[in-house]
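Read through the structure below, which is laid out as C-alpha cells, and then see the notes.
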Amino acid sequence: MPLLPILRFPDPRLKTVAAPVEMIDDSIRCLARDMAETMYEAPGIGLAATQVDVHKRVIVIDASETRDHLLVLINPELVESEGVQVCEEGCLSVPGIYDKVERAERVVVRYLDPDGKAQKISADGLLAVCLQHEIDHLEGKVFVEHLSLLKQMRIKAKLVKQSRITA
Ligand code: K1U
Ligand code: ZN
C-alpha cells in the first residue's frame with residue numbers, strides 16, 4: 001500500500017474545507033487504509049485526509065500506547081464538549097513545531113465507521129485533543145492558528161526557509 005505525501009504548512013491547500021463523504025465505498029476504505037499506514041509510518045497519532053490533499057471528511061487516529069487501536073472516522077461531528085485542558089500539540093504538516101493549545105477536556109464525536117455504521121465516541125485527555133485537532137484540519141485549520149500571530153509568523157518563516165533549503 002502506498003504511503004501518501006503529507007502537505008506542509010503554510011501550503012494553502014491545508015486551508016480547504018473538506019466535503020462530507022456521500023457514499024462509503026472501497027475508494028474511501030482504501031483511502032483510510034493508506035492514511036493509517038502513512039500515520040503509523042510518520043509516526044503520528046492522527047491524520048486528516050486534508051493533510052494528504054484529499055478534501056473529504058475522513059480522519060484516522062491511534063492515540064493508544066500499544067499502537068493497535070485504530071479509529072477510522074468518516075464525517076466526524078463534534079456533538080458535545082466540556083471543560084478545558086492545555087496540551088502540547090504537534091502536527092505532521094508542521095514538522096518540528098510543538099506548542100501548548102487550549103482545547104475542550106471531554107468531547108463526544110459522532111461519525112460513520114468504514115462499514116457506514118453510525119458510531120459515537122466519548123473521549124478525554126490526549127484522544128479528545130487529537131479528535132479536535134483532526135476535525136480542525138477538515139475545517140481547513142492548522143493547530144498553529146490557535147497560537148499568537150507573532151508565533152504564527154515565526155513558524156511560517158521558519159518552515160518557508162526550510163522548504164527553500166530542501167527544494
Ligand atoms: O494531525 C497530525 O498532524 C497528527 C498529529 C496529531 C496530534 C499530536 C499531538 C496532539 C494533538 C494531535 C501528530 O501525531 S504529531 C506527532 C505526535 O504527536 C506523536 C508521534 C508519535 C507518537 C506520539 C505522538
Ligand atoms: Zn495536524
Side-chain angles (χ1 to χ4, degrees), residues 1-19 21 28 31-78 80-109 111 121-148 151-156 158-160 162-163 166:
M1 273 181 280
L3 293 178
L4 305 169
I6 297 175
L7 298 178
R8 289 199 170 191
F9 181 80
D11 190 309
R13 290 171 287 182
L14 287 168
K15 288 185 174 292
T16 311
V17 177
V21 173
I28 294 293
L31 168 67
R33 265 198 306 273
D34 291 348
M35 285 172 58
E37 196 187 348
T38 303
M39 172 191 73
Y40 284 122
E41 203 275 338
I45 58 171
L47 190 68
T50 308
Q51 293 175 276
V52 294
D53 203 18
V54 176
H55 302 286
K56 295 180 182 165
R57 301 187 83 84
V58 179
I59 63 180
V60 295
I61 291 180
D62 189 344
S64 70
E65 278 180 20
T66 43
R67 310 286 283 149
D68 59 359
H69 282 65
L70 177 65
L71 291 167
V72 176
L73 298 93
I74 300 162
N75 297 342
E77 271 179 75
L78 196 65
E80 282 174 44
S81 62
E82 60 173 35
V84 175
Q85 63 176 322
V86 177
C87 181
E88 179 118 319
E89 296 192 19
C91 180
L92 298 174
S93 295
V94 195
I97 306 290
Y98 296 86
D99 213 326
K100 291 189 169 68
V101 175
E102 194 177 288
R103 302 273 190 190
E105 164 60 15
R106 284 171 294 282
V107 297
V108 178
V109 173
Y111 64 98
I121 184 169
S122 303
D124 59 11
L126 182 61
L127 180 55
V129 170
C130 196
L131 283 161
Q132 293 170 81
H133 178 116
E134 302 309 335
I135 291 172
D136 265 3
H137 274 304
L138 300 181
E139 292 300 321
K141 189 166 180 178
V142 177
F143 88 99
V144 298
E145 291 171 55
H146 290 273
L147 307 177
S148 70
K151 280 188 177 176
Q152 288 184 45
M153 277 166 54
R154 285 185 178 149
I155 292 166
K156 209 177 272 184
K158 186 173 171 182
L159 293 188
V160 167
Q162 265 175 18
S163 71
T166 53

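Small disclaimer: the values here were computed from a predicted structure and weren't measured. In this chain, residues are counted from 1 in sequence order. As the structure lists them, so they are numbered: ligands from 1, and atoms in each ligand from 1.
Looking at every heavy atom in both residues, A49 comes nearest to L138 through N-CD2, 4.4 Å. Smallest separation of non-hydrogen atoms from V101 and F143: CG2-CD1, 3.8 Å. Looking at every heavy atom in both residues, Q152 comes nearest to V144 through CG-O, 3.1 Å.
No more than 12 heavy atoms of other residues, nucleotides or ligands lie within 6.0 Å of CD in E65, so this atom counts as exposed by the packing criterion. Annotation: R106, atom CZ; neighbour count of heavy atoms from other residues, nucleotides and ligands within 6.0 Å is above 12.
The immediate protein surroundings of ligand 1, defined as residues with any heavy atom under 4.0 Å of it, consist of P43, G44, I45, G46, Q51, E89, G90, C91, L92, V129, H133, E134, H137.
Using a 4.0 Å cut-off between a side-chain N of Lys or Arg and a carboxylate O of Asp or Glu, E134 and R57 do not qualify as a salt bridge.
At least one donor-acceptor pair closer than 3.5 Å links the side chain of Q85 to the backbone N or O of A104.
Around the Zn ion (ligand 2), the protein N, O or S atoms found under 2.8 Å comprise C91 SG, H133 NE2, H137 NE2.
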For this session: Assess whether side-chain contact (heavy atoms from CB on, under 4.5 Å) is satisfied between I155 and L147, documenting all intermediate values.
Result: CA-CA 10 Å; I155 292 166; L147 307 177; 3.8 Å; yes
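Under the 4.5 Å side-chain criterion, counting only non-hydrogen atoms from C-beta, Q51 is not in contact with M35.
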